[in-house]
Every structure is written in structure tokens, then in C-alpha cells.
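Hydrogens, waters and symmetry mates play no part in the numbers below; they use all other heavy atoms, side chains included. Computed from a predicted model, the values in this text were never measured in an experiment. Quick note on labels: first sequence line is chain A, next is B, and so on, each numbered from 1.
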There are 2 protein chains.
Amino acid sequence: MTTLGYALLGLLAREPFSGYELAQKMKAPIGCFWHAKHSQIYPELAKLKAQGLVNHELVEQQEHPDKKVYTITPAGRDALRQWVTAPMEVPHVRDELVLRAYSLWLADPQAAILLFRTHEQRHVEQLRRYEALQQKLMEEAGAKQQVDSPDFSSYVTLALGIGYERLYSEWCRWVAEQFEQADTTL
Amino acid sequence: MTTLGYALLGLLAREPFSGYELAQKMKAPIGCFWHAKHSQIYPELAKLKAQGLVNHELVEQQEHPDKKVYTITPAGRDALRQWVTAPMEVPHVRDELVLRAYSLWLADPQAAILLFRTHEQRHVEQLRRYEALQQKLMEEAGAKQQVDSPDFSSYVTLALGIGYERLYSEWCRWVAEQFEQADTTL
DNA sequence: TCCCTCATGTAAAAGGTTACATGATTTA
DNA sequence: TAAATCATGTAACCTTTTACATGAGGGA
């Protein structure tokens with residue numbers, strides 16, 4: 001089983017979805033930290049079906065094309081439950097902007113300021129979106145959050161997403177400021 | 001040009017290295033946020049050579065096999081300088097542990113505590129390593145850090161690495177605590 | 001009329017990991 | 001004697017991205 005397979009099971013464990021809906025969900029990263037495109041999702045769903053981890057039924061529609069709605073099976077739920085807490089290596093992160101920062105000493109200062117201010121903005125925007133989601137989650141789910149409710153899991157991943165975007169946007173701002181100050185010092 | 005190619009140029013812009021040395025460097029993530037294995041590095045160096053972005057000379061050794069020491073060319077340095085501040089999309093992060101957290105509501109609480117305490121520890125260890133590196137960098141480079149010095153770039157990436165590991169380890173601890181508290185509440 | 005959304009796929013290419021392959025020297 | 005380090009590569013495989021492919025219905 002691939003990680004993508006478990007990502008799909010993780011969504012289907014909450015409620016049934018069609019391949020198209022799963023693809024929509026995974027445009028914006030699920031749990032803030034995973035994404036996939038439809039070209040990867042459709043074949044993966046076929047594999048999950050072949051392994052008996054999901055079923056699908058054809059839902060006929062008048063005004064839109066028919067769709068296959070996938071449901072997780074008890075076997076799928078078991079596989080997911082086992083995977084969630086299985087031993088795991090620390091995943092190594094890859095981030096191109098930070099890799100660039102490693103060679104930033106070569107850069108044109110004005111171009112560096114522009115790049116980092118742009119990314120600061122984008123991460124602030126993502127932060128605002130996550131905060132809005134959190135707000136919504138708090139209103140809907142309230143204090144009834146228990147560790148065995150899906151809302152709790154969503155809240156947990158959102159919390160890291162918010163911390164991450166806050167850290168990242170502040171780092172971008174700080175880097176930009178270093179170049180701005182160096183510029184006025186000359 | 002691939003991102004890996006620029007990662008290698010970024011190291012070679014600082015000082016010459018052999019393929020083996022580059023592979024050693026990229027076991028631990030360069031700038032905290034990129035890594036690669038030797039099987040990817042050797043072919044990439046050949047491509048950089050073919051494009052005239054690096055040169056290499058054979059250094060003969062008595063007690064070890066001979067090695068090819070790579071040096072960046074002016075064209076390589078130019079390409080790197082351009083890439084560093086070129087427009088770029090926000091890279092989407094992938095993190096398996098956070099993806100698992102999204103389905104944590106299904107998990108066995110004790111297994112969840114074990115997993116997150118384990119990862120908390122590992123990220124704390126990485127944090128300590130980064131802090132030691134920062135300490136060393138401060139002592140060596142001191143306050144002379146200017147935006148156009150490689151030490152400044154190293155410092156900038158380390159700063160994010162430290163922030164990231166601190167955030168991540170605290171998040172792991174917090175998640176584990178949620179399950180520990182839920183456990184005693186029953 | 002043209003583009004967007006809904007809906008499902010396949011194919012080719014790129015990027016990355018694991019395993020295969022070789023061989024000398026040093027350390028336990 | 002066995003394992004680790006130094007040193008350089010290739011091959012097979014897996015994952016992910018980009019592009020190809022089709023087609024109906026609704027809105028500008």
C-alpha cells in the first residue's frame with residue numbers, strides 16, 4: 001500500500017466520495033500536508049478496489065455525468081487504523097525556497113527582497129485561510145472535541161498548519177528585512 | 001535544469017567537492033531542507049559538466065581511490081545567481097506524520113501516544129543538532145555576517161530549521177498529551 | 001461561441017529510492 | 001576476519017507531474 005492510498009482511505013473513512021470529489025479535496029492539501037492530482041487518484045482508487053479496501057457504486061445523474069461513489073470497507077478501515085500508528089521514519093522535508101536561501105548570498109538584493117516579500121504574502125494568505133477554517137471548526141464542533149472524533153484530527157492538523165504558516169511567513173519577512181536593512185546601510 | 005542541479009551548484013559555489021563529498025553533505029539536509037543520495041548525484045554532476053556549469057579534475061590519492069573534484073564555472077555561478085531569485089510557486093509540503101494525524105481519531109490511543117512521543121524525541125534531537133550548528137556558526141562567523149556572505153545564508157536556513165523543529169516537536173508533544181489526558185479522563 | 005464545471009480515465013516524462021556492482025584500505 | 005570508509009557508477013522500480021483524451025451542460 002502506498003501513502004496516497006492511505007490518504008484516500010483517510011478521506012473515505014469520514015464519508016463517501018467520488019474520484020472527482022477526492023481530487024477536488026486534494027488540490028488543497030488534506031490535513032494541510034498532503035495533496036495529489038486526479039491522474040494519480042483514479043488509478044489508486046482502482047488498486048484499492050482490487051484489494052477490497054473500498055467499494056464503489058454508480059450514481060446516475062441527469063444534469064451531470066454519472067459518478068462512481070467510493071465507500072471504505074471494514075478491511076479498508078482496519079488497514080487505515082493499523083497504518084496510522086505503525087512505526088515510521090522521520091520524513092525528510094524538501095523546500096525549494098529554503099534551498100534557494102542557502103545560496104542567497106549570491107543574489108541581487110532587490111530581487112531577493114521581492115521574492116521573499118512575495119512568499120511572505122502568500123504564506124500570510126494561507127495562514128488566514130487556515131485560521132478561518134479553525135474558526136469554523138470551533139463553531140461547529142465546539143468543545144465536544146474528543147480524541148476519537150474526526151473533528152479532533154482535523155483540529156490537530158490545522159493547528160500544525162497554522163503554526164507552520166506563521167513561522168514560515170515570519171521567516172520570509174525577517175529574511176526580506178535583512179536585505180532591506182543592508183540596503184540602507186550602504 | 002533540475003532543483004537538484006542547483007542544490008549541487010549551491011554547494012560548489014562555496015567550495016569544490018568530489019561527488020562522494022557532495023553525497024555525504026546531502027545525507028543530512030543541506031540548508032536543513034534538501035537531501036539526495038549518491039545514485040542521483042553522480043548522474044546529475046555529469047549533466048552539469050555537459051552543460052558547462054561545472055568542471056572536474058582528477059585528484060590522485062595513495063591511500064584511497066582517486067577522486068573527481070568538481071569546481072563551479074562562471075556560467076554555473078551565473079545560472080545559480082539567476083535561479084535563486086527567479087519567480088517561484090509556493091511548494092506544497094508533504095508530511096506523512098501529519099497525514100496520519102488526519103486519521104488519528106481511528107487509532108488506538110496507546111499506540112498514538114507511543115508514535116508521537118517517539119517523533120517528539122527525534123525532532124528534539126534534530127533541534128539540538130541545529131542549535132549546536134548555530135552556536136558553532138556564531139562563534140566562527142560572529143557579528144561580521146553580511147547578506148553577501150555564505151555564512152549569512154547558512155544562518156538564515158538554520159534559523160528556519162530551528163524554528164521548524166521547535167514547532168514540530170512541540171506539536172508532537174501536544175498531540176501525545178491530548179491522548180494521555182483523554183486516557184486518564186476515562 | 002467560448003470557457004468553466006462536472007466526470008473519468010490513460011500515457012509519457014521527470015524525479016527519487018532501492019538495489020546492484022566493484023574494489024582498495026583502515027579499524028575493530 | 002569482518003565490517004566500515006572511501007570512491008564511482010548503473011539499473012530497476014516507484015511516485016509524481018504534465019499532457020493527452022473525451023464529452024455533456026451551464027453561464028458570460
Glu63(A) atom CD is separated from dC4(C) atom C1', nearest whole Å, by 16 Å
His38(A) atom NE2 is separated from dA11(C) atom P, nearest whole Å, by 13 Å
Practice prompt. Identify whether any heavy atom of His56(B) sits under 4.0 Å from a base atom; if not, whether one sits that close to sugar-phosphate; answer base, sugar-phosphate or nothing.
Written response: nothing
* Looking across every strand, which nucleic acid part, if any, lies under 4.0 Å from Ser39(A) by heavy atom: base, sugar-phosphate, or nothing? -> base
note: His64(A), atom NE2; dT22(D), atom C1'; distance rounded to Å ~ 17 Å
Between CD of Gln62(B) and C1' of dG23(C) the distance, given in whole Å, is 17 Å
Lys67(B) has its side chain closest, among dT16(D), dT8(D), dT8(C), to dT8(D)
Note to self: Between Phe116(B) and Trp171(B) (judged by ring centroids, cut-off 6.0 Å), do the two rings come close enough to count as a pair?
What the structure shows: yes
With heavy atoms under 4.0 Å as the rule, sort Lys37(A) into base, sugar-phosphate or nothing. base
Assert: residue with more 5' nearest nucleotide on DNA chain D, out of Gln24(B) and Tyr70(B), is Gln24(B)
Quiz item: Under 4.0 Å between a side-chain N or O of Gln61(A) and OP1 or OP2 of dA7(C)?
Solution: yes
Closest to the 5' end of DNA chain D, once Tyr42(B) and His35(A) are matched to their nearest nucleotides, is Tyr42(B)
Between CD of Glu44(A) and C1' of dT17(D) the distance, given in whole Å, is 16 Å
- Task: Take Ile41(B) and Leu8(B), measure what side-chain contact (heavy atoms from CB on, under 4.5 Å) needs, and give me the verdict at the end.
- Result: CA-CA 8 Å; Ile41(B) 291 170; Leu8(B) 296 173; 4.1 Å; yes
What about Tyr168(A) and Tyr164(B), are their ring centers closer than 6.0 Å? no
note: Tyr6(B), atom OH; dG15(C), atom P; distance rounded to Å ~ 12 Å
Check your understanding: Quick one: does NZ or CZ of Arg14(A) land under 6.0 Å from the six-membered ring centre of Tyr102(B), within 45 degrees of the ring axis?
Key -> yes
Tyr20(A) has its side chain closest, among dC6(C), dG15(C), dT10(C), to dC6(C)
note: His92(B), atom NE2; dT16(D), atom C1'; distance rounded to Å ~ 10 Å
Taking dG16(C), dT15(D), dC6(C) as options, the one with an atom nearest any side-chain atom of Gln40(B) is dG16(C)
Rounded to whole Å, CG of Asp66(B) lies from P of dT25(C) at a distance of 12 Å
Begin from the C-alpha positions of Tyr6(A) and Trp83(A) and carry the test ring-ring contact (aromatic ring centres under 6.0 Å, His included) through to its verdict. CA-CA 8 Å; Tyr6(A) 290 112; Trp83(A) 170 77; 4.5 Å; yes
For a quick test of reading the model: is some side-chain N or O of Arg94(B) closer than 4.0 Å to OP1 or OP2 of dT17(D)?
yes
